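Shown next, in structure tokens, is the structure this report addresses.
Here the structure is a predicted model, which is why all the values come from computation and not from measurement. Proteins come first, then strands; the chains are lettered A, B, ... in the order of their sequence lines, and each starts at number 1.
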There are 2 protein chains.
Amino acid sequence: MSKKPVQRTAPKAQESVAITDAEWDIMELLWEKAPRTSQEIVSLLEEGREWKRATVVTLLARLTAKGALNTEPQGNRFLYTPAVERSACVAEETRSFLDRMFGGALQPLVAHVAEHHSLSKKDIAELKALLDQIKPNS
Amino acid sequence: MSKKPVQRTAPKAQESVAITDAEWDIMELLWEKAPRTSQEIVSLLEEGREWKRATVVTLLARLTAKGALNTEPQGNRFLYTPAVERSACVAEETRSFLDRMFGGALQPLVAHVAEHHSLSKKDIAELKALLDQIKPNS
DNA sequence: TGCTCATGTTTACAAGTGTAAGCAATTACG
DNA sequence: CGTAATTGCTTACACTTGTAAACATGAGCA
């Protein structure tokens, strides 16, 4: 009885997966360009992060298992593709960060950054320009 | 040989302690008002978070051990006080969040929030007013 | 067809975290 | 003064996360 690469894609989750720090590095690569083979990802990360192949592969498996990646069998290997959008993940992280740190509002964060991380004149100008372009929702 | 409550305050760390999610809840209470006894904190959190006394006490101990809290013995109990400022912790979290999600810059975050979480006309006005008050550093 | 290489799977393991029971000692109360 | 209640300390345990070795199997080449 032969055994093709097993499709282990998650239960079905597609919305809002929790991505850990290490996993994030892999997702970034795939958000930037997909699909990719594990080989590509491994070689990119063996340098940048000094991870062993096994480490990268484990993370790919975990991401697939939790539904953050889709895999398409190709011979005995997979092509990996993000199953969640970067902006959705960022939105989730942002939401929880704002809630926890600043009661969910943006203003206090901006005030905080201005005070503690400092903004240049140029930053301020850019932000103002940005605000002018935003169309108010709600 | 009698045994007074042991002073287990951290090595000396005072700057930049990593505070976990659960611990954060305790710190909030102490940043809001300090010093407090464990009793106070326990009763506040038994409701809000449905934590058992033991849980709260463990977290207090961990926070003390890592230098996030100072303790002042009082009979057989302690008075707990934050050893780190909230704004310093927030600053650290903010820095790492901005780095990871938005390359360290504020503008993309604001843009993101505008798009994904939406801002009211009033929010935008407030932000503009805020920017006008900021004195550019650097 | 046999062997080596690449690739995914299983197992591992330490540190960190959430959550808490149980013990010891001290204080408070009858 | 003796007993109950309070409070901190020790220990525990499962789950997550970072990091990876060992293993099995299919693919490609000799």
Once you measure the plane-to-plane angle for A:Phe97 and B:Phe97, does it fall in the parallel (<30°), tilted (30-60°) or perpendicular (>60°) bin?
parallel
What is the separation between atom CG on B:Leu69 and atom P on D:dG8, rounded to the nearest whole Å?
12 Å
In whole angstrom, give the distance that lies between atom CZ of B:Arg53 and atom C1' of D:dT10.
13 Å
Under a 3.5 Å cutoff, is there a donor and acceptor pairing between the side chains of B:Asp123 and B:Ser120?
yes
Between C:dT19 (C1') and B:Glu46 (CD): distance, integer Å:
14 Å
Do A:Leu109 and A:Met101 have side-chain heavy atoms sitting under 4.5 Å apart?
no
Approximate separation, where rounding is to 0.5 Å, of B:Leu79 CG and B:Thr71 OG1
9.0 Å
What is the distance, to the nearest angstrom, from the CG atom on A:Leu45 to the P atom on D:dA20?
12 Å
Relative to each other, are the rings of B:Phe78 and B:Tyr80 parallel, tilted or perpendicular (30° and 60° limits)?
perpendicular
Among residues at least two apart in sequence or on other chains, which ones pass side chain to side chain contact (heavy atoms under 4.5 Å, CB included) with A:Arg86?
A:Trp24, A:Glu28, A:Trp31, A:Val90
Taking CD1 from B:Ile19 and P from C:dT17, how many angstroms apart are they, rounded to a whole number?
11 Å
Taking atom C1' of D:dG26 as reference, at what distance in whole Å does atom CD of A:Gln74 sit?
14 Å
Whole angstrom is fine here: how far is it from CZ in B:Phe78 over to C1' in C:dA25?
13 Å
Between the axis at one end of the helix from C:dT1-D:dA30 to C:dG30-D:dC1 and the axis at the other (five pairs apiece), what's the angle to 10 degrees?
10°
May I ask you to decide if B:Ala18's main-chain N or O and B:Lys66's side chain share a donor-acceptor pair within less than 3.5 Å?
yes
How long is the line joining CD of A:Glu40 and C1' of C:dT7, in whole Å?
14 Å
Would you say B:Gln39 places a side-chain N or O within less than 4.0 Å of OP1 or OP2 belonging to D:dT6?
no
Per-nt protein contacts along nucleotides 12-19 of chain D (heavy atom under 4.0 Å; B base, S backbone sugar-phosphate only, - none) come out as B----SBB
Can you tell me how far the CG atom of A:Leu30 sits from the CD1 atom of A:Ile41, to the nearest 0.5 Å?
4.0 Å
Distance from A:Leu98 atom CG to A:Glu93 atom CD, nearest 0.5 Å?
11.5 Å
Taking only the side-chain nitrogens and oxygens of B:Tyr80, find out if one of them lies under 4.0 Å from OP1 or OP2 of D:dG8.
yes
